[in-house]
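Scroll down for the structure; my scribbles are underneath it.
Values below: every heavy atom of this structure, side chains too, minus hydrogens, waters and symmetry copies. To find a chain, count down the sequence lines: A is the first, B the second, and so on, and within it residues start at 1.
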Amino acid sequence: MNTMKMKKIEKFAKEKWEDEKLSAFDRSRMDEKFYVMDMFSYPSGAKLHLGHWFNFGLVDSYARFKKMQGYNVFQPMGFDAFGLPAENYAIKTGTHPKDSTMKNIEIMRGQLKEMGGMFDWSNEVVTCDPEYYRWTQWVFTVLYKRGLAYKKAAPANWCPSCKTVLAREQVKQGKCERCGSEVHIKKMNQWFLKITDYAEELLTGLDDLDWPEKTKAMQRNWIGKSEGASVVFTNERVGNLEIFTTRPDTIFGVTYIVMAPEHDLVTRLVTKEYAEEVDNYVRRTEMLTEIERQSTTHEKTGVFTGSYAKNPVTGKMVPIWISDYVLESYGTGIVMAVPAHDDRDYEFARKYNLEVVPVIDGFNPDGHCAYTGDGNMINSDFLNGKSVEEAKTLIVRYLAEHNVGGKKVTYRLRDWLISRQRYWGAPIPIVYCDDCGEVLVPDEQLPVLLPYDVDFRPDGESPLARNEKFVNTICPCCGKPAKREVDTMDTFMCSSWYMLRYPDARNDKEAFDPDFINQMLPVDKYVGGAEHSCMHLIYARFVTKVLRDAGYLKFDEPFKSLVHQGTILGPDGQKMSKSKGNTVSPDEYIEKYGSDVFRTYLMFGFNYIEGGPWSDSGIEAIKKYYDRVDKTFDTYFSIKDFADVCEQPEMDLLLAVNSTIEKVTAGMETFQFNTSVARMMELFSSIRNYIDTGRNSKILIGVMETITKLMAPEAPHLAEYYWEKLGYTKSIFKTEWPKVDKEVIEHANIKIPVQINSKNITILTVSKGVGKDELTEMAMLHVNAKLNGRKIKKVIFVPDRIINFVVK
RNA sequence: GCCGAUGUGGCGGAAUUGGUAGACGCACUGGACUCAAAAUCCAGCGGGAAACCAUGUGGGUUCGAGUCCCACCAUCGGUACCA
């Protein structure tokens, strides 16, 4: 098929879909709703790349398949339009982030239409549109009102030369990627969302989700629940020093405690004698990124503070150290060290010559390592002789009774830092008033508009702080002059609730109509990259749960079923990136082969879940395949008379058709698109062979209709064209997906291998469902010839699969 | 280091979930058509002369293992010294 014909067909099909409003969701058929959603794209590059195609194109095929199965499909599309790259691009080139973003969206929107996606554009979402971020701000207000938004000082990566906060992505080996200066940790007052309040539910909620097990495991690790105890040590100068431990049983073996260097109490604990050393160490730690501190190759270092803490159980005084291997953000930022029974503590104790006291039998003083196994307690007063488990229970009870600690659960999950000292994001709807303090902007005053005219070059503060018109406002509470919050929100905030906005995207009264949204969600199939396993997917779950508790939603989880598409790598097997120069643009392929050929190639050439390196060696074959399809249709259309016969060739053809329906359906359902395409190729080949033999039974008419439907998700434009040529006026996507004729399948002949001692001796062709006795009788003819006097000990028969004679 | 995933022909990848390993396709080889080439069509295509050997390596369970178990190796991803 030449390019001209192909383009004509694509145009024809797209017009037809437009006329028939194929992508429109029917609000009167809620029982059959099916919400298919792709992770929306970030319009940083000007054009759609291969990964977009792999995601959006193939999920569109899935959506079309679902539509043909009779579902009332809702497949929206949108753009995650705020974010750092647009701002960086602006700093570099002077192009305003809004201008470049809107331009990119315009182009990508056009390409998505070119793709032929059945996207409901009437519900498009663009997160940098005030009509959208107005409601992102509203989501913030809901969180705020529920006490889930708060401000606290938190460390940020700071480039002293660019005078700006850096994303971890912008820090390369401790240096700013733009200017190469050493990156420092700077504490800044920032907004947090209390996701940790939902840690337990975010964890248990995973159990019932139809998500890849791998993703669930990653989220479980991310949340990182650990059960243990808190123990309150005391220091005469600062009072209580609460620590968290998973090994309270080893309390009698504590020989020192360690604090995170950045811990607030450090300055108050350090004695004059050690002040300089501690100060140096703290400053050295500030130069390290969290990754460096946590690396195992990083040697354990620490400094004594000069102070001591009292063990609440033993009364013993132990030295207080600081070390960068303790993080302020986990637990309480203070650790009790038991070198005899913890590898890290042992290493540290050996290095600094600290005391080692074994409290579980099994520790070898000459072993040069900690003993972390089970055993009975020793050197532990009232715990002596107890097992580790018993000791844990007893000591937790003791701590609670004496009011110096008790059972405690800690999560690795940290509260969500949403403040960004950047321009290109949704402003945080807060006003600071001298009289009223921190005031939430009332709903009716939303959106807090992001001004266009802003100097977004970095110079030490949030760009919005330099826009007087923006900053100076009136307190919503008392009407006096006040100042606006100048930080903007993390873009993950925009994407944490977009699944709720999509179905009701043009609603200008509220973020969404709860009655409607409670029917539309959860999303039935969510598809996107595995890189979002932790952040985005947890944030969206969190926001959903908060909105549920606030009374807006009646469901617990936003995404019922999740699929991750694999990554298409560059031809060199490396991740595609502009810097590596291994990117592949889909455009030239679309131009040359058309969107259907390209789509089918992506379906056929890769395992969808795994992805793989790009190679175009097979794309020509897909073009040839559709050329053969086209010829087959031509031949079919040229047939004048159909005979009324149904003999063996017709039976064979019907069997091929029905088994293809079965397999293509299964493949589409499970995102195994490659096998669906393979089965289609086989069926077309069968049809061609049938027609070539000169037979033209009336059965062929139905066969051609069926195969056209089956090919519709894979090659939507072509299928629509053939469907019309077959004499139908209504879109093929409004017809029913073919059903398997079970009669045909059930009476098919199958091949069953006959084995002796698990080695094939022959293959029998029998009718499906053949019984053991009958098959044994047939097989014996072949088996007897090979027995050579051996005796049959056992016959293994798996229906429709195998018969195996175990002989001796 | 830890956690997770993956490992099948020259290549992309199949394998009904423990039952004929290599579907489908690429590349390649041979043939038909052609003055010739391209295109198209047909046939072959893991290794081996064969017995047999083959799913990263070595063991194990089983009548039977790509699939399950144990150990190891390699690659990729995530990443926490989690107290």
Checking all strands, does [X] fall into the base, sugar-phosphate, or nothing category for heavy-atom contacts under 4.0 angstrom?
X         : result
Phe805(A) : nothing
Lys624(A) : sugar-phosphate
Met680(A) : nothing
Ala217(A) : nothing
Gly611(A) : sugar-phosphate

Flag for [Y]-[X]: side-chain donor and acceptor within less than 3.5 Å:
X         : Y         : value
Ser226(A) : Tyr330(A) : yes
Tyr256(A) : Glu355(A) : no
Tyr626(A) : Asp596(A) : no

Within the pair [X] and [N], is there a side-chain N or O less than 4.0 Å away from OP1 or OP2?
X         : N      : value
Asn674(A) : G25(B) : no
Gln672(A) : A15(B) : yes
Tyr325(A) : A83(B) : no
Ser226(A) : A83(B) : yes

Report the distance from atom [atom1] of [X] to atom [atom2] of [N], rounded to the nearest whole Å.
X         : N      : atom1 : atom2 : answer
Ile223(A) : U79(B) : CD1   : C1'   : 15 Å
Glu610(A) : U75(B) : CD    : C1'   : 13 Å
Asp800(A) : U20(B) : CG    : P     : 13 Å
Lys786(A) : A51(B) : NZ    : C1'   : 13 Å
Leu569(A) : U75(B) : CG    : C1'   : 12 Å
Glu227(A) : A83(B) : CD    : C1'   : 15 Å
His532(A) : G78(B) : NE2   : P     : 12 Å
Ile750(A) : U16(B) : CD1   : C1'   : 12 Å

- Message: Which heavy atom of Ile195(A) sits nearest to which heavy atom of Leu202(A), and what is that distance?
- Response: CG1-CD1, 3.8 Å

- Query: Of the non-hydrogen atoms in Glu213(A) and Arg220(A), which two are nearest, and what is the gap between them?
  - Reply: OE1-NH1, 4.4 Å

- Message: Closest-nucleotide mapping onto RNA chain B: is Val677(A) or Asp627(A) further toward the 5' terminus? I mean the 5' end.
- Response: Val677(A)

- Message: With nearest nucleotide decided by heavy atoms, which residue, Pro753(A) or Ala337(A), maps closer to the 5′ end of RNA chain B?
- Response: Pro753(A)

- Message: On the side chain of Arg628(A), is there an atom forming a donor-acceptor pair with the base of U40(B) - under 3.5 Å, no angle test?
- Response: no

Give me the distance, rounded to whole Å, that separates [N] from [M] when you measure between the [atom1] atoms they each carry.
N      : M      : atom1 : value
A43(B) : A54(B) : P     : 32 Å
U8(B)  : A15(B) : C1'   : 10 Å
G22(B) : G10(B) : P     : 16 Å
U55(B) : A23(B) : C1'   : 15 Å
C53(B) : G66(B) : P     : 13 Å
G46(B) : U29(B) : P     : 16 Å
C11(B) : U57(B) : C1'   : 23 Å
G9(B)  : G56(B) : C1'   : 15 Å

Of the listed nucleotides ([options]), which one gets closest to any side-chain atom of [X]?
X         : options                : answer
Thr245(A) : A83(B), A23(B), G25(B) : A83(B)
Trp222(A) : G13(B), U79(B), C24(B) : U79(B)
Lys214(A) : C41(B), G4(B), A83(B)  : G4(B)
Lys631(A) : U40(B), U20(B), A83(B) : U40(B)
Phe606(A) : A23(B), G13(B), G25(B) : G13(B)
Thr675(A) : C26(B), A15(B), G78(B) : A15(B)
Asn607(A) : G78(B), G13(B), G19(B) : G13(B)

Any side-chain heavy-atom pair of [X] and [Y] under 4.5 Å:
X         : Y         : answer
Met680(A) : Ile707(A) : yes
Ile792(A) : Met780(A) : yes
Ile745(A) : Lys768(A) : yes
Leu562(A) : Leu537(A) : yes

- Checking Arg599(A) against Trp53(A): charged group under 6.0 Å from the ring centre and within 45 degrees of the axis? no

- Item | Identified side-chain contact (heavy atoms from CB on, under 4.5 Å) partner of Ser533(A) from the options Thr215(A), Ile538(A), Asn221(A) | Thr215(A)

- Query: Hey, is G66(B) sitting syn or anti, using the within-90° cutoff around 0?
  - Reply: anti

- Item | U17(B), syn or anti by chi within 90 degrees of zero | syn

Quick test: give all pairs of protein nitrogen or oxygen and nucleotides 59-63 of chain B nitrogen or oxygen below 3.5 Å, distance rounded to 0.1 Å.
unit_1 : atom_1 : unit_2    : atom_2 : d
C63(B) : O2'    : Ser758(A) : OG     : 2.8
C63(B) : O2     : Asn804(A) : ND2    : 2.4

- Task: Quick one: the dot-bracket string of RNA chain B, using Watson-Crick and G-U wobble pairs with both distances under 3.5 Å, [ ] for crossing pairs and | for bases paired to another strand.
- Result: (((((((..(((......[....))).(((((.......))))).((....))..(((((..]....))))))))))))....

- Looking at Tyr625(A) versus Phe604(A), is the centre-to-centre ring distance below 6.0 Å? no

- With sequence neighbours excluded, what pairs up with Phe797(A) under the ring-ring contact (aromatic ring centres under 6.0 Å, His included) test? none

